[in-house]
Q: 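I'd like to ask some things about the structure below.
Note: hydrogens, waters and symmetry copies are ignored here, and every other heavy atom, side chains too, is used. Heads up: numbering here begins at 1 and tracks the sequence.
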Amino acid sequence: QVEITRQKTLLTNAVTEDMQRHPPHFVFVQPNVGWDIYWDTDFDYIGTFSQSSDFRKLWKNYRLTLKTEDTLIYEKI
């Protein structure tokens with residue numbers, strides 16, 4: 001569990017730093033794709049990243065604009 005927490009923190013920091021350097025106009029999230037093969041659990045990207053105050057500051061500028069069968073699309077406002 002400690003290693004999983006460390007990996008999630010590293011991923012959160014990497015995504016946050018990337019968004020700070022190059023703020024995207026759109027963010028595509030596929031909630032059911034990804035890290036479950038490593039962590040044997042569903043991974044809540046936005047929920048996990050939102051534990052970081054730096055990510056929350058960035059994310060407040062995005063709104064969900066489209067939801068498809070397997071993808072959430074957020075747009076910068």
Side-chain angles (χ1 to χ4, degrees):
Q1 182 66 27
V2 171
E3 180 61 19
I4 291 172
T5 300
R6 187 184 75 78
Q7 291 172 355
K8 288 180 180 180
T9 299
L10 290 172
L11 180 61
T12 298
N13 291 343
V15 168
T16 301
E17 289 170 13
D18 190 49
M19 288 181 70
Q20 287 171 330
R21 275 191 236 105
H22 309 285
H25 188 76
F26 292 101
V27 176
F28 294 76
V29 179
Q30 292 183 295
N32 299 318
V33 177
W35 298 95
D36 58 320
I37 61 173
Y38 299 106
W39 296 328
D40 195 31
T41 184
D42 289 334
F43 183 62
D44 177 4
Y45 291 92
I46 306 305
T48 299
F49 297 162
S50 292
Q51 294 176 24
S52 160
S53 61
D54 289 335
F55 180 83
R56 284 194 310 271
K57 287 176 193 172
L58 294 169
W59 197 245
K60 70 180 180 181
N61 297 311
Y62 289 85
R63 295 292 178 261
L64 181 64
T65 57
L66 183 63
K67 184 177 182 178
T68 68
E69 186 176 310
D70 63 351
T71 304
L72 304 173
I73 302 173
Y74 295 86
E75 184 175 8
K76 189 169 190 202
I77 54 173

Q: Given the side-chain rings of F55 and F49, with only the six-membered ring counted for Trp, is the space between their centroids under 6.0 Å?
A: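 Yes: the rings meet the under 6.0 Å criterion.
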Q: Is there a continuous path of hydrophobic side-chain contacts, each under 4.5 Å between heavy atoms, that joins L64 to F28?
A: no
Q: If I take atom OG1 from residue T12 and atom CD from residue E17, how far apart are they, to the nearest 0.5 angstrom?
A: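 The CD atom of E17 is 11.0 Å from OG1 of T12, to the nearest 0.5 Å.
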Q: What distance do Q30 atom CD and T71 atom OG1 have between them, rounded to the nearest 0.5 Å?
A: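 Here the interatomic distance stands at 4.0 Å.
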Q: Supply the atom-to-atom distance N13 CG to K8 NZ, rounded to the nearest 0.5 angstrom.
A: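 Reported to 0.5 Å precision, the distance equals 14.0 Å.
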Q: Do you know which two heavy atoms are closest between K57 and K60, and how far apart they sit?
A: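 Result for this residue pair: O-CG, 3.2 Å.
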Q: Which heavy atom of G47 sits nearest a heavy atom of D44, and at what distance?
A: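 Looking at all heavy atoms of both residues, the shortest contact is N-OD1, 3.0 Å.
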Q: Do P23 and L58 make a side-chain contact, defined as non-hydrogen atoms from C-beta onward lying under 4.5 Å apart?
A: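 A side-chain contact under 4.5 Å is absent here.
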Q: Using the test salt bridge (Lys or Arg N to Asp or Glu O under 4.0 Å), find all partners of E75 that sit at least two apart in sequence or belong to another chain.
A: none
Q: Find the distance between OG1 (T16) and CZ (R56) and round it off to the nearest 0.5 Å.
A: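 With rounding to 0.5 Å, OG1 (T16) is 10.5 Å from CZ (R56).
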Q: Apply side-chain contact (heavy atoms from CB on, under 4.5 Å) to residues Q20 and D54 and explain how you reach the verdict.
A: CA-CA 9 Å; Q20 287 171 330; D54 289 335; 4.0 Å; yes
Q: For Y74, run the ring-ring contact (aromatic ring centres under 6.0 Å, His included) check against F26, W59, Y62 and tell me which one passes.
A: W59
